[in-house]
Amino acid sequence: MFNKFEKTMNNIKNVFSIKDLENLSGIKAHTIRIWEKRYNVLQPMRTDTNIRLYDLHSLQKLLNITLLHDYGYKISKIATYSEEKIPSLVREIITTKNANNHAISDFKMAMMNFDQDLFFKTYDWLIAKKTFKEVFLQVFVPLMNELGLLWQTDTITPAHEHFVSYLIKQKLLINIEQLQTQPVQHHDKVFVLSLPMNEIHELGLMYLHYEILLQGYKTVYLGESMPIDNLKVLKNNFGPIVYITYMTVQPDREAIDNYVSTMESELLGDGTQLWFIGRLVENIDRDKIASETHIFQSITELVDAI
DNA sequence: AAGGCCTGCTTTGCTGACGC
DNA sequence: GCGTCAGCAAAGCAGGCCTT
């Protein structure tokens, strides 16, 4: 229908295909057509070859309808509501039970429209009723997972993803900075956080930084793409170190065991521990790792181990 | 030729009302 | 309580058109 360039331009101009709406709302394209035919819920524009095109307002309406629909409202009933009734009903309905989903919808809208104000407004609304920890784990993590899928299906561009992840980083940094003004409570170990070479997915690592500071430990945050021999230097400065490495897309599946064993031979000793987390750790051969090496399946699992 | 989207028609699954 | 029935919603299928 569109080539990749046209698709990108369309999504930046906020013109969406029926497939985009399916990906963003979770409602099947087939069902969207049926709803249109039976109840006229959305009135898309058409190309000269009769393909449906939707604007941002249609997307917003569909996301609202999806929330009501999930909540048990029949589509036939929703269709009778006026244009203003739907959003006001959505506002009425949102309780703590589905606040998360509603916030995710709003963050998606903010992203598609590059709307910073909506992002901040939604964040403020969430943070008024939840802790930062809850917001991150219940809203930001699922949101970022969804964005990965939306990127894979060509529904959003890297620009959209970067826009949102930068704003999330900003919120993380504010919270981290607040904690860094507090005195260190525990001195039995120091946490060194970094990403492996060529790895740039930093949000998870930053969140761990926040959690570790929250527990009152000293941290050294090194961030993305850190060579192993650079990590070694830290051993001159600090006592027992826990090196945390977050692996999202690097190192490659074939190289990962080698990477882990190199870290073990370069860094272990003097009470040092190596903690690995991230999507790729499932590829690590657990039979080969040292007793000072620990692998975590989830953020919460690692936080419990601090 | 293949894949995506369009439409119209059919089938399946669910729910709620009714009568017993 | 429970079986039947009607109506609604979603999914499935077929055939055609358009683009790559």
Side-chain angles (χ1 to χ4, degrees), chain A residues 1-114 138-139 142-164 249:
Chain A
M1 168 172 56
F2 299 108
N3 66 35
K4 190 144 180 163
F5 173 73
E6 285 166 339
K7 248 210 78 53
T8 300
M9 287 313 291
N10 277 341
N11 286 4
I12 286 176
K13 284 187 297 188
N14 290 326
V15 178
F16 308 107
S17 68
I18 197 164
K19 201 72 192 167
D20 291 335
L21 262 68
E22 170 176 331
N23 292 332
L24 284 158
S25 70
I27 305 289
K28 291 260 179 287
H30 191 297
T31 307
I32 296 171
R33 290 192 200 98
I34 294 290
W35 287 359
E36 176 189 326
K37 189 184 166 196
R38 289 189 192 153
Y39 311 107
N40 202 30
V41 285
L42 297 177
Q43 298 92 31
M45 304 162 288
R46 302 277 186 149
T47 66
D48 30 2
T49 56
N50 210 27
I51 309 291
R52 290 173 176 80
L53 287 179
Y54 299 86
D55 60 13
L56 197 70
H57 180 253
S58 299
L59 170 61
Q60 182 168 40
K61 186 171 177 187
L62 182 62
L63 289 172
N64 279 335
I65 290 173
T66 303
L67 188 133
L68 295 182
H69 192 245
D70 288 347
Y71 198 72
Y73 281 75
K74 291 210 177 275
I75 189 65
S76 51
K77 198 165 161 215
I78 298 171
T80 64
Y81 297 154
S82 71
E83 201 70 7
E84 309 81 51
K85 172 100 188 253
I86 293 173
S88 71
L89 199 56
V90 167
R91 277 191 293 276
E92 238 173 76
I93 280 175
I94 41 181
T95 57
T96 44
K97 207 176 89 194
N98 51 23
N100 295 344
N101 288 332
H102 182 249
I104 289 174
S105 286
D106 273 2
F107 283 136
K108 279 188 207 161
M109 282 302 295
M111 170 181 72
M112 296 319 292
N113 213 14
F114 296 104
Q138 296 169 15
V139 180
L143 176 67
M144 291 308 293
N145 286 339
E146 270 200 67
L147 296 200
L149 294 175
L150 291 174
W151 182 77
Q152 281 170 32
T153 55
D154 250 341
T155 308
I156 60 171
T157 66
H160 294 102
E161 197 172 356
H162 287 205
F163 174 76
V164 170
V249 299

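No hydrogens, no waters, no symmetry mates; every other heavy atom, side chains included, goes into these values. All chains are named by letter (A, B, ...) in the order of the sequence lines, taking the proteins before the strands, and each is independently numbered beginning at 1.
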What's the shortest heavy-atom distance between A/H69 and A/I78, and which atoms? N-CD1, 4.0 Å
For the side chain of A/S76, starting at C-beta, report the closest nucleotide among C/dA11, B/dC5, C/dC8. C/dC8
Value in whole Å for how far the P atom of C/dA10 lies from CD1 of A/I32: 11 Å
Please give me the minimum heavy-atom distance between A/A29 and A/I18, naming the atom from each residue. O-CD1, 3.6 Å
Please report the distance, rounded to the nearest Å, between CD1 in A/I18 and P in C/dC18. 18 Å
Can you tell me if A/R33 touches the phosphate of B/dC5, counting only side-chain N or O atoms and a distance under 4.0 Å to OP1 or OP2? no
Side chain of A/I51 (C-beta onward), nearest among B/dC5, C/dA10, B/dG8: B/dC5
Could you state the atom-to-atom distance from CD of A/E22 to P of C/dA10 in whole Å? 14 Å
Would you check if there is a donor-acceptor pair between the side chains of A/H160 and A/T157 at a distance under 3.5 Å? yes
Examine B/dC5: is either OP1 or OP2 under 4.0 Å from a nitrogen or oxygen in the side chain of A/S17? Give yes or no. no
A/R46 or A/R38: which one's nearest nucleotide on DNA chain B is closer to the 5' end? A/R46
Check whether any side-chain heavy atom of A/K108 lies under 4.5 Å from a side-chain heavy atom of A/E146, and answer yes or no. yes
Looking at A/F114 and A/A159, what are the two nearest heavy atoms and their distance? CE2-O, 3.8 Å
Using five pairs at each end of the helix from B/dA1-C/dT20 to B/dC20-C/dG1 to define an axis, what is the angle between those two axes, to 10°? 10°
Contact list (N/O, under 3.5 angstrom) for nucleotides 12-17 of chain C vs protein:
from   : atom 1 : to    : atom 2 : distance (Å)
C/dG12 : N7     : A/H30 : NE2    : 3.3
C/dG12 : O6     : A/H30 : NE2    : 3.1

Taking side chain to side chain contact (heavy atoms under 4.5 Å, CB included) as the criterion, tell me which of A/L59, A/L67, A/T66 meets it with A/S25. A/T66
Suppose we call two aromatic rings close when their centres sit under 6.0 Å apart. Are A/H30 and A/W35 close by that rule? no
What is the distance from CD of A/E36 to C1' of C/dA10, rounded to the nearest Å? 16 Å
Verdict with supporting geometry, A/E161 and A/M111, side chain to side chain contact (heavy atoms under 4.5 Å, CB included): CA-CA 8 Å; A/E161 197 172 356; A/M111 170 181 72; 5.8 Å; no
Taking the minimum atom-to-atom distance to the side chain of A/I75, which one of B/dG8, C/dA10, B/dC6 wins? C/dA10
How long is the line joining CZ of A/R52 and C1' of B/dC5, in whole Å? 9 Å
Should we count NZ of A/K19 as having more than 12 external heavy atoms under 6.0 Å? no
Nearest whole angstrom, please: distance from the P of B/dC5 to the OH of A/Y54. 11 Å
Would A/L62 and A/L24 satisfy side chain to side chain contact (heavy atoms under 4.5 Å, CB included), going step by step from the backbone distance to the final call? CA-CA 9 Å; A/L62 182 62; A/L24 284 158; over 6 Å; no
Show the numbers, then the answer: is there a side chain to side chain contact (heavy atoms under 4.5 Å, CB included) between A/L53 and A/F16? CA-CA 6 Å; A/L53 287 179; A/F16 308 107; over 6 Å; no
To the nearest angstrom, the OH-C1' distance between A/Y73 and B/dT15 comes to 18 Å
Side chain to side chain contact (heavy atoms under 4.5 Å, CB included), that's the test. Do A/L56 and A/M112 meet it? Break it down for me. CA-CA 8 Å; A/L56 197 70; A/M112 296 319 292; 3.9 Å; yes
For DNA chain C, determine which residues of residues 59-68 of chain A have any heavy atom closer than 4.0 angstrom to one of its atoms, and list them numerically. none
d(NZ, A/K37; C1', B/dC6) in whole Å: 12 Å
